[in-house]
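Okay, so here's the structure we're looking at.
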Amino acid sequence: MPELPEVAYQKMYVDSTSLHQKIIKVDCGAKKLFQSPQKDFEVKLLKNEFTATKQIGKYLLLELKNSGYLVIHFGMTGKLDYFKHDEVDKHAHLTLTFDNDAKFSFICPRKFGKLFLTESVEAFREQQDLGPHATDIGEKEFQKLFDGKKGSVKTALMDQSFIAGLGNLYVDELLFHSGIHPKSKAEKLNDKEISSMYKNMKNVLDTVFKSKTEGNPIPKTYLRPHRTEGENCPNGKGKIEMIKVGGRSTYFCPECQEIK
DNA sequence: AAGACTGTTACCTA
DNA sequence: ATAGGTAACAGTCT
């Protein structure tokens with residue numbers, strides 16, 4: 001569930017289901033997900049309630065009525081569930097019971113997710129060394145990020161301290177729409193190319209979020225449904241190739257994407 | 001049935 | 001010292 005648009009969807013889900021209900025029970029699962037002692041979570045959350053939500057990159061912050069936040073990072077497979085039946089998912093690692101008998105679970109099969117407690121959004125942002133949230137940043141600011149930036153453009157865009165919220169899928173996607181090869185050096189990109197990445201980043205994040213909320217599939221013109229070696233490029237020219245960049249499987253079209 | 005997977009980070013090598 | 005690459009985490013799916 002993990003890049004910016006999916007977390008935005010989880011945020012919307014919490015806003016529409018889980019605010020303003022008193023927590024009367026706290027059940028914790030695998031210890032490794034908890035970044036403070038589980039006892040602290042129990043003490044903090046019990047008799048409390050969520051009042052609002054905030055997102056920074058891939059992190060979702062749930063504001064608590066009596067101060068502070070519960071922060072969720074979804075790892076590769078995390079998601080939230082608000083439900084009224086009895087069975088709790090076997091991969092639920094934090095389950096809250098509200099005073100209306102509804103329950104709230106953080107489900108995380110691969111246990112790559114993380115749970116934090118923090119008192120301040122800004123303090124948390126600094127602790128995690130998070131760059132600007134990808135959908136908030138303006139074009140000028142985005143341009144400025146690339147001043148003196150080294151390494152491949154894909155590695156840069158995946159770096160959460162550089163810009164927060166992009167991951168493997170949507171970096172590939174925005175580079176595809178921008179016609180830029182993922183191994184291009186960040187310092188070689190000119191203003192026009194950076195501007196193109198900016199526009200495509202916004203557009204991709206927006207389109208993916210809307211697909212998700214409206215229940216539509218990702219557009220066929222996107223790289224996302226074609227992440228297979230040898231598949232025809234949706235633009236109709238080349239065949240999709242797979243390489244490793246920054247340790248991650250990277251799909252691109254050698255005909256459409258030029259190395260800079 | 002081996003290998004891939006939307007993320008992060010510790011650890012290695014140059 | 002620093003940057004870049006790799007393995008590891010752990011479960012599910014193909």
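Residue numbers begin at 1 in each chain, while the letters A, B, ... track the order of the sequences.
By the side-chain hydrogen bond (donor to acceptor under 3.5 Å, both in side chains) test, Gln257(A) pairs with no residue at all, sequence neighbours left out.
A distance cut-off of 5.5 Å between ring centres, combined with a plane angle under 30°, leaves Phe74(A) outside any stacking arrangement with the base of dG7(B).
For Gln160(A), the side-chain atoms get nearest to dT8(B) when compared with the rest of dG7(B), dT8(B), dG11(C). With distances taken from any side-chain atom of Pro109(A) to the nucleotides dG11(C), dC5(B), dG7(B), the minimum falls on dG11(C). Comparing dA3(C), dT9(B), dG7(B) by their closest approach to the side chain of Lys114(A) singles out dT9(B). Checking dT8(B), dG11(C), dC5(B) against every side-chain atom of Ser249(A), the shortest atom distance belongs to dC5(B). Side-chain proximity of Phe112(A) to the nucleotides dC9(C), dG11(C), dA4(B) is greatest for dC9(C). Nearest to the side chain of Lys58(A), among dA3(C), dA4(B), dT8(B), sits dT8(B).
With hydrogens and angles left out, the side-chain atoms of Ser152(A) and Lys185(A) include no donor and acceptor closer than 3.5 Å.
Comparing the P positions of dA1(C) and dT9(B) gives a spacing of 22 Å, expressed to the nearest Å. Between the P atoms of dA1(B) and dC9(C), the separation comes to 23 Å (whole Å).
For Glu6(A) (side chain) and Glu3(A) (main-chain N/O), a donor-acceptor pair under 3.5 Å exists by modelled atom type. A donor-acceptor pair is defined here as one N or O able to donate and one able to accept, closer than 3.5 Å; such a pair exists between the side chain of Asn48(A) and the backbone of Lys44(A).
Atom NZ in Lys244(A) sits roughly 19 Å away from atom P in dG4(C) (whole-Å rounding). The distance from atom NZ of Lys32(A) to atom P of dG7(B) is 16 Å, rounded to the nearest whole Å. Summarising the geometry, the separation between CG on Leu130(A) and C1' on dT8(B) is reported as 12 Å, rounded to the nearest angstrom. Computed from coordinates, the Asp159(A) CG to dG5(C) P distance equals 14 Å when rounded to whole Å. Spacing between atom NZ of Lys149(A) and atom C1' of dA3(C) amounts to 11 Å, rounded to whole angstrom units. Atom NE2 in His93(A) sits about 16 Å away from atom P in dC9(C), given to the nearest Å. The interatomic distance linking Gln127(A) (CD) with dT9(B) (C1') rounds to 17 Å, in whole Å. If you measure from atom CE of Met76(A) to atom P of dA4(B), you get 13 Å, rounded to the nearest angstrom.
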* Asked: So Tyr13(A) and Ser18(A), side chain to side chain donor-acceptor pair (under 3.5 Å) or not? Walk me through it.
  -> CA-CA 8 Å; Tyr13(A) 182 72; Ser18(A) 307; over 6 Å; no
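At the heavy-atom level, Gly151(A) lies under 4.0 Å from the strands shown only through sugar-phosphate atoms. Looking at heavy-atom distances under 4.0 Å, Arg224(A) makes no contact with the nucleic acid at all.
Within the structure, every side-chain polar atom (N or O) of His91(A) is placed at least 4.0 Å from both OP1 and OP2 of dG11(C). Between Tyr170(A) and dG7(B) there is no side-chain polar atom (N or O) within less than 4.0 angstrom of OP1 or OP2. Contact check, Lys90(A) against dT12(C): a side-chain N or O comes under 4.0 Å of OP1 or OP2.
Counting only Watson-Crick and G-U wobble pairs whose two distances sit under 3.5 Å, DNA chain C takes part in these stems of three or more pairs: B:2-5 with C:11-14, B:7-14 with C:2-9.
Here Asp172(A) pairs with Arg227(A) in a salt bridge; the nearest charged N to carboxylate O distance falls below 4.0 Å.
The shortest side-chain heavy-atom distance between Lys103(A) and Lys84(A) does not fall under the 4.5 Å cut-off.
Note on residues 46-71 of chain A: pairs passing salt bridge (charged side-chain N to carboxylate O under 4.0 Å, His left out), not counting sequence neighbours, are Glu49(A)-Lys65(A).
When each of Lys150(A) and Gly247(A) is assigned the nucleotide of DNA chain C with its nearest heavy atom, Lys150(A) is the one assigned upstream, toward the 5' end.
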